[in-house]
2 protein chains.
Amino acid sequence: MGIKYTILGLLQYKDMHGYRIKEHIERNFGHMWSINYGQIYPNLKKLEEEGLITMKEVVQNDEKGPPRKLYSITQKGREEFVRWLESSPEKSMILRDPFLMRFVFFGFGDPDRALELIDEQISVYQEQLGRRQANLQRWKHGSIFVNLIAELGTDMNQMILDWLEKARKELVHHFCTDEAGIKKTVKMNEK
Amino acid sequence: MGIKYTILGLLQYKDMHGYRIKEHIERNFGHMWSINYGQIYPNLKKLEEEGLITMKEVVQNDEKGPPRKLYSITQKGREEFVRWLESSPEKSMILRDPFLMRFVFFGFGDPDRALELIDEQISVYQEQLGRRQANLQRWKHGSIFVNLIAELGTDMNQMILDWLEKARKELVHHFCTDEAGIKKTVKMNEK
DNA sequence: CCTCTCATGTAAGACGTTACATGATTCA
DNA sequence: TGAATCATGTAACGTCTTACATGAGAGG
């Protein structure tokens, strides 16, 4: 349901073909969304059938490069887009993270391995934070909304990193001061 | 793929039947995950076929209440669960939010309506924060991992609220000091 | 000519949601 | 008896992912 309107939104900036749309989404939202051709091409076909976009075939003589299909948003498409844009979002946020799913149950596994997995996550998010901060700079010129979304990306990233560090510290402390004195094998290599 | 292991994880605490599992997930993770019978019952059947859990029918004579199917985790199930638990998560976090999806494109809509939608979000997250903080108290006694996850919930909630307030302020400022002087209809009812 | 990138597409399957059907038990 | 709750299930639908098939153009 969402991709449909994302495509419509992008076509308001400029006419595009499927391949470009994917490229654009990946470049700009790649760290938050993923998209693939299995979603794009069927959605473009559907949007055209609904009269929200129109298609123009570009052949080799027109411009260089292989033939492609250029899509433009129609007036009807613009109207439908604004209707959606100004409607209240029906659903709430969903967050799904295979690491967090495991985390809840880490009590059933080896504490050392848990720390290793936390460290893996920390380096993943550190890398990502760097990329997001770079993007933030790249978009300084852009719309206020795009900028704010980019800021949300870094804010969120920072929050997760803070939480991971906090979790790491608490776990090390928890297993080292264990009254039972059983689980003292935990690695002490704190930074 | 995830629900399968969540069920396995819950069955390590105690034997349960499908209805209880749903109840449990909703009570404890309801603000983060949603689950429904269309996922639970087929997954239980599959887990049983794979020999990771076993089923025992409970009829009216055994205990009060309607007949149900009690599932227990097997040794094989425990092993498979730990294998999964200690494996590195294959995928990264996904966050999908219909509000955020709209937000990027708010430049194409009415600024007043954008502010209204932001205010709607703020009240949604304020309510949620209250519930999450209450849960945090309820779980104080629980495992360190469950506690940390609950803390992540409130941290995240707080971060989003901060961001929404920041976004609201910046937008009000942006549209009131607009050089073109066109969009001065923006509501000034700041708190 | 060969390979890489650009470009469009589809089929199969995993995953998730909604809505409904069914029946037992409990309690007013 | 009738309504609410407990409990199990499935069918239809929609979305998302993976993997593959196809082909044109560009550059070495």
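Chain letters run A, B, ... following the sequence lines, proteins first and then strands; every chain starts at 1.
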Completion exercise
Judged by nearest nucleotide, the residue sitting upstream toward the 5' end of DNA chain D, B:Gly38 or B:Glu23, is B:Glu23
Handout entry: Phosphate-side-chain proximity, B:Arg20 and D:dA7, N/O vs OP1/OP2 below 4.0 Å
Key = yes
Exercise for the section: For residues A:Tyr13 and B:Phe108, establish whether the separation of their ring centroids is below 6.0 Å. Expected result: yes
Handout entry: Nucleotide of C:dG16, D:dC6, D:dT18 approaching A:Asn36 most closely (side-chain heavy atoms)
Key = D:dT18
Practice task
Could you say whether B:Leu44 or A:Gly2 is positioned toward the 5' end of DNA chain D, judged by the nucleotide with the nearest heavy atom to each?
Solution key: B:Leu44
Exercise for the section: Verify the contact: side-chain N or O of A:Tyr41 to OP1 or OP2 of C:dT8, cut-off strictly under 4.0 Å; return yes or no. Expected result: yes
Practice task
May I ask you to verify if any side-chain N or O of A:Ser34 is less than 4.0 angstrom from the OP1 or OP2 atom of D:dC16?
Solution key: no
Exercise for the section: Report yes if the side chains of B:Ser88 and A:Glu120 come closer than 4.5 Å at any heavy-atom pair, otherwise no. Expected result: yes
Practice task
Report which part of the nucleic acid A:Ile40 touches: base, sugar-phosphate, or nothing (heavy-atom distance under 4.0 Å, all strands).
Solution key: nothing
Handout entry: Phosphate contact (D:dT17 OP1 or OP2) by A:Gln39 side-chain N/O below 4.0 Å
Key = yes
Exercise for the section: For B:Ile35, answer base if it contacts any base atom (sugar-phosphate contacts may also be present), sugar-phosphate if it contacts only those atoms, and nothing otherwise; contact means non-hydrogen atoms under 4.0 Å. Expected result: nothing
Problem - N or O in side chain of B:Lys45 less than 4.0 angstrom from D:dT10 OP1/OP2 - result: yes
Exercise for the section: Could you check whether A:Lys22 gets within reach of a base, just the sugar-phosphate, or nothing at all, counting any heavy atom under 4.0 Å? Expected result: nothing
Handout entry: N-O pairing of A:Glu79 and A:Lys76 below 4.0 Å
Key = no
Exercise for the section: Hey, which sits more toward the 5' end of DNA chain C by its nearest nucleotide, A:His17 or A:Ile94? Expected result: A:His17
Problem - Any A:Lys91 side-chain nitrogen or oxygen under 4.0 Å from OP1 or OP2 of C:dT18 - result: yes
Practice task
Please determine if a side-chain N or O atom of A:Lys69 lies less than 4.0 Å away from the OP1 or OP2 oxygen of C:dG9.
Solution key: yes
Exercise for the section: Answer yes if A:Ile144 and A:Leu136 sit in the same cluster of Ile, Leu, Val, Met, Phe, Trp and Tyr residues linked by side chain heavy atoms under 4.5 Å apart, and no otherwise. Expected result: no
Exercise for the section: Using only side-chain N and O atoms of A:Lys4, determine if any of them is under 4.0 Å from OP1 or OP2 of D:dG14. Expected result: no
Problem - Criterion side-chain contact (heavy atoms from CB on, under 4.5 Å) on B:Lys56 and B:Lys69, from CA distance to verdict - result: CA-CA 6 Å; B:Lys56 194 195 145 201; B:Lys69 295 180 173 180; over 6 Å; no
Problem - Distance below 4.0 Å between B:Tyr19 side-chain N/O and D:dC6 OP1 or OP2 - result: yes
